[in-house]
Amino acid sequence: MHPQIVQDKPGTCPICGMTLVLYKTADNKVVDPHHEHGSNPAKGHAGHNHFAHAGMITDFRKRFYVVLILTIPIVLLSNMIQHWLGVHWQFTGSPYILLALSTIVFFYGGWPFLKGLVDEAKAKSPGMMFLIGFAITVAYIYSVAIVLGLQGMDFFWELATLILIMLLGHWIEMKSVAGASRELELLVQLMPSDAHMVMPGMVHDVKTDTLKEKDIILVKPGEKVAADGIILEGESYLNESMLTGESKPVKKVKGDKVIAGALNGNGAIKVTVSHAAKDSYLSQVIRLVGDAQRSKSKTQLLADKAAKWLTIIALLAGISTFLYWYFTGQSLAFAIERMVTVIVICCPHALGLAVPLVVARSTALSAKKGLLIKNRTAFENARKITTLVFDKTGTLTVGKFEVSKIVSFPFGEGLKVSLTENEIIRLAAALEQNSEHPIATGILQKAKDLALAVPATENFTAITGKGVEATVERKKILVISPGYLKENNIKVPDSFTANDTETVVFIMINNELAGYIALSDEIRSESAGAIKTLKQNNIKSILLTGDNIKVAKVVSDTLGMNSFIAEVLPHQKLEKIKELQSKGEFVAMTGDGVNDAPALAQADVGIAVGSGSDIAAETAGIVLVNSNPKDIVSLILFGKATYRKMVQNLAWATGYNVVAIPLAAGILYKQGILLSPALGAVLMTVSTIVVAINASMLSVKK
């Protein structure tokens, strides 16, 4: 069965600029027959493999050299060139030799453009290939007619040089823009193809993609980790810089998580695989980058529309130019030459690549730095941010709460009962053992340090934003926040003291206050610098936290933030974001992506920080692998830089055409300035290469 076309409006490959026409084969596979395909996860448009461009670059180079050799005799046999040189090298049959050589150049050298013309015509979506194919076809047919008897001068030398320059331009341009996907290619190459599976009595080498949950693999010194998992045995330092942007090797011991693609140091480790390779953090990143590169923001849609209009303008301008010169007394050859030059010079290649090249580079480059873009529009909107709202725990602070104080209150009849510190921790840990909240983690770690046996719970209930309650050893136990006490008018004993940097949870037994646990969370060393950079860029910083006012004020004042909002429940964060937006602020919100999901979704730009394993589930448009506040600032500044690159490229591509089209049409003909088709091709190619080089200069500043 012949492949059926399945795409009415084909896309354009952001790397080579060629139209992608998608077909469905007999076995229901969607392919683009003009591009190489594979199972690589870093594919672009519906299976288009960006790493197949090496073959295309080689093909253009080969065609260029063949055409170069043939162009030399074509130029020397052309009447116009001989007239300029003052020689006469004509002989019997020379016009037919010129025709034969030019025919080879037209069909062999011009084949990529002729094929593109047919594909774009079939898809009813004329673009760059259509324009070039149309221009060289007109020049060839007219020149053949001259050889066969039509009066005039042929275009064979212009045709040959035009095709030669277009091939050279595409070759250079494809080499220039190939770097746009190089960072993504490096991410793909991080995943090792083989793994050492530990089996009873032996270690067996297997393909990485065959690994499944609970398999055990051995990672030798200097090797890459083959799958996400948890260290079962051994310890080592792992380099995760290409995955998370963390430049220093991270020490990993038994029980720690490891990420596929991380480079092992000098220790051998055994790892229990968490899930199949296709679900690994690295695979998710690659899919995420691919999706982001294919998604189109308003800026790119605008550029696409402009490129479409430029194609129409090119055809209309070319035909109008031909009609004007022909009907004002110029020769047919002159009119055709002007038309061909106009059509070639205003090919929308530079305009069509202006945004996609920046997109391809920015998404892949940011992924290498631990900045994962899920929503292109959200990323580009970073330039509009006026207020950045920070969730405190794990972003501005380390997020690792440690128990700093354990205090018991006398309770019971006659206030005769008083729990030991160990008993308070033991009961609190019982309620917190199913929670992943940083405070719960701190309490559980303390219980572990004290080697306490944590009892089981019954009738567990979460008190939204205020704490938890359950039955432990037939006693009703509550672990609650100060807000709960205030709400229920429960008086705290005078002996209660806590400094302004501590977070406190209270323990109640059978509705009586039995004590409290104070925990501290250290402010990150990078936080102050991040807030300072935001101020320098006229972006207000606001702390939004469920912590008490005293803790929030200390953190806010220490870092020099604009303001803080404290004692906010998770569902109230959404309302606070709305309040800021109602005041005309363009708000970015950073949070852990779980409790903060509604607020992240409401914010103009949602930035989720933390675990890369939860990428797919986040509601935010952007995910930061590390919780470093400097990364948040880097992301915003990178978003601004990316948008600037897009605007620069669009300005260049548009401005070039505004100047070049009138010159190509012959507006300065009477002043002796006239562009040849070959020079038009040179200018068009240069404009595209300028756009490509400008995109390649984009970088993430830490």
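Below, all heavy atoms of this structure are taken into account, side chains as well, without hydrogens, waters or symmetry copies.
- Checking Lys251, Lys252, Lys270 one by one against Glu235, the salt bridge (charged side-chain N to carboxylate O under 4.0 Å, His left out) holds for a single residue, Lys251.
- Within a 6.0 Å radius of OH in Tyr237, other residues, nucleotides and ligands contribute 12 heavy atoms or fewer.
- A 4.5 Å side-chain heavy-atom check between Met646 and Glu380 finds at least one atom pair inside the cut-off.
- Smallest separation of non-hydrogen atoms from Arg426 and Val454: O-CG1, 4.5 Å.
- The side-chain heavy atoms of Thr208 and Thr210, taken from C-beta on, include no pair separated by under 4.5 Å.
- Side chains of Val472 and Leu431 form a contact here, defined as non-hydrogen atoms less than 4.5 Å apart.
- Distance OG1/Thr272 to CG/Asp215: 9.5 Å, rounded to 0.5 Å.
- Judged by distance alone, the side chain of Asn537 and the main-chain N or O of Leu534 form no donor-acceptor pair under 3.5 Å.
- For the residue pair Ile577 and Ala599, the shortest heavy atom distance occurs at CG1-CB, 4.1 Å.
- Between Pro192 and Ala226, the closest heavy-atom pair is CG-CA, 3.6 Å.
- Taking each heavy atom of Leu444 and Ala429 in turn, the nearest pair found is CD2-O, 3.6 Å.
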- Task: Let me see the working for Val587 and Ile542 under side chain to side chain contact (heavy atoms under 4.5 Å, CB included), right down to the final yes or no.
- Result: CA-CA 10 Å; Val587 181; Ile542 296 177; over 6 Å; no
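- In this structure, the ring of Phe379 has its center less than 6.0 angstrom from the ring center of Phe638.
- Taking the side chain as every heavy atom from C-beta outward, Leu559 and Ile523 approach each other to under 4.5 Å.
- For the pair Ser527 and Pro629, the tightest heavy-atom approach, listed with the atom from each and the gap, is OG-CG, 3.5 Å.
- Asp194 CG to Glu223 CD: the interatomic distance, rounded to the nearest 0.5 Å, is 10.0 Å.
- Note that CE of Met561 is 4.5 Å distant from CD1 of Ile531, once rounded to the nearest 0.5 Å.
- For the pair Leu544/Phe564, no side-chain contact is recorded, criterion being any heavy-atom separation below 4.5 Å from C-beta on.
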- Query: Given the rule in the side chain to side chain contact (heavy atoms under 4.5 Å, CB included) test, do Val479 and Glu432 qualify, once you have shown the distances and angles that lead to the verdict?
  - Reply: CA-CA 8 Å; Val479 178; Glu432 299 287 13; 3.6 Å; yes
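- Contact of the Ile217 side chain with the Val273 side chain is registered, since non-hydrogen atoms from C-beta on lie closer than 4.5 Å.
- Looking at Ser556, its side chain never comes within 3.5 Å of a backbone N or O of Ala552 through a donor-acceptor pair.
- Between the side chains of Ser404 and Ser520, a donor-acceptor pair is found at a separation under 3.5 Å.
- Judged purely by atom type and a 3.5 angstrom limit, Gln433 uses its side chain to pair as donor or acceptor with the backbone of Pro455.
- Counting non-hydrogen atoms of neighbouring residues, nucleotides and ligands closer than 6.0 angstrom, the CE atom of Met697 reaches no more than 12 such neighbours.
- In this structure, the separation between OG1 on Thr590 and CG on Leu600 is 8.0 Å, given to the nearest 0.5 Å.
- Put simply, the residue from Ile269, Leu263, Ile259 that forms a side-chain contact (heavy atoms from CB on, under 4.5 Å) with Leu238 is Ile269.
- Interatomic distance, Ile216 CD1 to Ile230 CD1, rounded to the nearest 0.5 Å: 12.0 Å.
- Here the closest non-hydrogen pair linking Ser236 and Asn266 is OG-N, 3.7 Å.
- Taking the side chain as every heavy atom from C-beta outward, Ile636 and Leu388 approach each other to under 4.5 Å.
- Here Asp391 contributes atom CG and Leu396 contributes atom CG; the two are 8.5 Å apart, rounded to the nearest 0.5 Å.
- Salt-bridge check for Lys257 with Asp228: failed, with every basic side-chain N at 4.0 Å or more from each acidic carboxylate O.
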- Message: Would Ile439 and Thr503 count as a side chain to side chain contact (heavy atoms under 4.5 Å, CB included) here? Give the steps.
- Response: CA-CA 9 Å; Ile439 290 176; Thr503 296; 3.6 Å; yes
- Query: Under the side chain to side chain contact (heavy atoms under 4.5 Å, CB included) criterion, do Ile565 and Leu543 qualify, and how do the steps go?
  - Reply: CA-CA 6 Å; Ile565 306 169; Leu543 178 63; over 6 Å; no
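- Between Glu233 and Lys254 there is no side-chain heavy-atom pair separated by less than 4.5 Å.
- Of the possible polar contacts, one joining the Asn264 side chain to the Gly267 backbone as a donor-acceptor pair under 3.5 Å is found.
- The backbone N or O of Thr397 lies less than 3.5 Å from a partner atom in the side chain of Arg524, making a donor-acceptor pair.
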